[in-house]
S.K.: 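The structure is given below, and queries will be raised subsequently.
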There are 2 protein chains.
Amino acid sequence: MTVTLADVAARAQVSPATVSRVLNGNYPVAASTRERVLRAVDELDYVLNGPASALAAATSDLVGILVNDIADPFFGIMASAIQAEIGGPGGRAGGERLAVVCNTGGSPERELTYLTLLQRQRAAAVVLTGGAVEDAPHAAAVAAKLRKLADAGTRVVLCGRPPAPDTEAVALTFDNRGGARALTGHLIGLGHRRLGYIAGPEERTTTRHRLEGHRAALAAAGVEEDPRRTVHGRYDRRSGHEATLELLRRDPSLTAIVAANDSVALGACAALRESGLRIPEDVSVAGFDDLPFSIDAVPSLTTVRLPLAEAGARAGRIAMGREEPPPGGIASVRGELMVRGSSGVPRE
Amino acid sequence: MTVTLADVAARAQVSPATVSRVLNGNYPVAASTRERVLRAVDELDYVLNGPASALAAATSDLVGILVNDIADPFFGIMASAIQAEIGGPGGRAGGERLAVVCNTGGSPERELTYLTLLQRQRAAAVVLTGGAVEDAPHAAAVAAKLRKLADAGTRVVLCGRPPAPDTEAVALTFDNRGGARALTGHLIGLGHRRLGYIAGPEERTTTRHRLEGHRAALAAAGVEEDPRRTVHGRYDRRSGHEATLELLRRDPSLTAIVAANDSVALGACAALRESGLRIPEDVSVAGFDDLPFSIDAVPSLTTVRLPLAEAGARAGRIAMGREEPPPGGIASVRGELMVRGSSGVPRE
DNA sequence: TCCCGTGTAGAAAGCGCTTGCTATCTGATG
DNA sequence: CATCAGATAGCAAGCGCTTTCTACACGGGA
């Protein structure tokens, strides 16, 4: 039924070994033989059996990419960049690799399960994106898994995620703290003193780092911090909407709202508008990430641009062994403050 | 070095066959034995070798999802829904499957290459999303590939893509034509007569269908169609921006702009605003898809909502054989007109 | 002329798992 | 008490490919 290597070999009148060598091209084969084999492959419409070859060679050409939410452009952009580099079809030379994008939904268990699945497939590399959950047992479990993967020869790269101690994983971290600090600093510089903060889900490194940056900026300016001005939510628009109403309820005199990310900021804008408040005249709004739609918001969003595509591309290259890992295996990627229309001098 | 089935068998004092059966759970194994095996698996931290088992069983637990652009929420949302259904970790019972999201970038060659790669992996199912390219040779090549995949036992589902004739592929098509017609009809109903149309890339079914719907609406209302009022571009914001400037240059008296999709519409809004035109007072704008950010645009976007998540979920279920394919293997999914702030009565 | 290095090709031993078939043991049946 | 169906477990033959080791040819140097 299905064509196998042996069929091709028979047709080309060579041994299976030779066909394999032609296909893998890492062993000298006379030009005439090679051509004969290639012709047979073509005539029989032969397609290599991936599992069989992975089994025999003890390696596969799968590369795993773990994301929290594939429907979120934040991850989509990184995944896209990573994938472009791992050399799927259309990529540079080298064996074609299949990118396996896994949607963890932010759940630690699923993250672990996917890692196991990838380990089971003997993935060539794994790139984990997005913040990690700050749960000690889980962090330990992930670290153990990463160690095991590394032992099995899988290259592990963290992209936009804090380093995993005691692990061979290379980490490209986003400087969330620094970015957040610059952002809030900008708002304070404009004269804001009563700032609401819509944080992401608790227990996530990204959430904590951004919040820390925010607080550091407040502290640096001697602005007293009121815990009631911080609300936690999810990283989506809906959450921004709800949180904003809540913040407004708690303190209607807020002059600025800093959101965990751009989607949240958009939800905040909607809530403010519905509440009859103008942006930025009544309340300034700031996001984080600078996703493509942020510039189209009205007013366009003041935010921190994260070089998602660049970081992803670099992570992809490192995962493929095409670029040297940063010294110490850790690099911090800075964001850039983008001041736009949604932030202005406070009223009064 | 690595733990194998045999090691587990030795430890549990049973044969490899028994271990395999416990792990696959499709053969009676005494409870006590099963427990002993499971304990051994746990103690040895055993992870099944995917390729080996795929080879032996002649099937794999990989499911391919082809998308045009993973960074685009349009595809991200569908991919996410599909993946949730194919039962990755956290999904319903059944073997855990790994979703392989492949980014074709809209390129026919890459599409074909990915299909081959999936065929090589003996994928359990493949879901192709997004419009197809209208190139006869390519369409034939894809059809041939799909046929071969089906022959090899891979289930093939098209989601948001026109049916592939002479193929066993199940198709869930979006009614782009009907949606576009309703959308333009809405604008005409408001009184618009000079409508610009920003189409997607030529040679794509989605582009053509939406354009046909638009023209059908114009024809139905007896509005003469001026070819100069249609511009082709890509499905992104930038393209919408450029195309709008071009349309405005060609005919400054336009009162409405219909975009190929929401991203394009947002770009159009930006361009209009930069040109000093108000939306919708001076020019109405309409998009397509109703992506999450569209409701947050200012004014919020009039568009056609496509049930991306629902269609994806259904495609996923069909791919897993958990839902009956529609009669004839083809179903048309309708969009819903969402009238919002970006469309209004024309000036003058 | 003989020997050996070089360039190619083949033989064959697995890689780790699944599964059809067979073997064994149990309690129930006649 | 012999027989047998039913429930479990093991044997062993692959699945299709890679790769080590070996074999063979050929041409040049001694």
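All heavy atoms count here, side chains included; hydrogens, waters and symmetry mates do not. Here is how names work: the chains are called A, B, and so on, in the same order as the sequence lines, proteins then strands, and each is numbered from 1. For clarity, every value in this text was computed on a predicted model and none was experimentally measured.
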S.K.: Return yes if a side-chain donor-acceptor contact under 3.5 Å exists between A/Thr18 and A/Ser15, otherwise no.
M.R.: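 A donor-acceptor contact under 3.5 Å links the two side chains.
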
S.K.: Return yes if some donor-acceptor pair links the side-chain N/O of A/Arg155 with the main-chain N/O of A/Ala319 below 3.5 Å, else return no.
M.R.: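 Looks like yes, one N/O pair under 3.5 Å.
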
S.K.: Over how many whole Å does the gap from A/Asp7 atom CG to D/dG16 atom C1' extend?
M.R.: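 Answer to the nearest Å: 10 Å.
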
S.K.: Show each protein N/O and nucleotides 13-15 of chain C N/O combination with a separation under 3.5 Å, one pair to a line.
M.R.:
unit_1	atom_1	unit_2	atom_2	d
C/dC15	O2	A/Ala56	N	3.4

S.K.: Using modelled atom types and a 3.5 Å cut-off, is there a donor and acceptor pairing between side-chain atoms of A/Thr104 and backbone atoms of A/Arg110?
M.R.: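 Checked: no pair found.
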
S.K.: Can you check whether A/Ser53 has a side-chain N or O nearer than 4.0 Å to OP1 or OP2 of D/dG16?
M.R.: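 It does not, given that no N or O in the side chain of A/Ser53 lies less than 4.0 Å from OP1 or OP2 of D/dG16.
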
S.K.: Is a side-chain N or O of A/Ser80 found less than 3.5 angstrom from the main chain of B/Ala71, in a donor-acceptor match?
M.R.: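 Between the backbone of B/Ala71 and the side chain of A/Ser80 there is no qualifying donor-acceptor contact (under 3.5 Å).
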
S.K.: What is the separation between atom CG on B/Leu23 and atom P on C/dT19, rounded to the nearest whole Å?
M.R.: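 Result: 13 Å.
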
S.K.: Tell me yes or no: between the side chains of A/Asp61 and B/Gln121, is some donor less than 3.5 Å from an acceptor?
M.R.: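 The answer is yes; a qualifying pair exists.
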
S.K.: Determine, for B/Glu134 against B/Arg204, whether the closest basic-nitrogen to carboxylate-oxygen distance falls under 4.0 angstrom.
M.R.: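 Salt bridge between B/Glu134 and B/Arg204, a charged N being under 4.0 Å from a carboxylate O: no.
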
S.K.: Starting at the 5' end of nucleotides 5-12 of chain C, put B wherever the base has a protein heavy atom under 4.0 Å, S where only the sugar-phosphate does, and a dash everywhere else.
M.R.: ---SBBB-

S.K.: Give the rounded distance in Å between these two atoms: CG of B/Asn26 and P of D/dT8.
M.R.: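 Rounding to the nearest Å, CG of B/Asn26 and P of D/dT8 are 14 Å apart.
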
S.K.: Side-chain donor-acceptor pair under 3.5 Å between A/Lys148 and A/Gln119, yes or no?
M.R.: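 No, A/Gln119 and A/Lys148 have no side-chain donor paired with an acceptor closer than 3.5 Å.
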
S.K.: For A/Ser60 and A/Ala54, indicate whether the former's side chain and the latter's backbone hold a donor-acceptor pair under 3.5 Å.
M.R.: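 Side chain of A/Ser60 to backbone of A/Ala54, a donor-acceptor pair under 3.5 Å: no, none is there.
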
S.K.: Expressed in angstrom and rounded to an integer, what is the separation of A/Gln121 atom CD from C/dG16 atom C1'?
M.R.: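 Result: 13 Å.
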
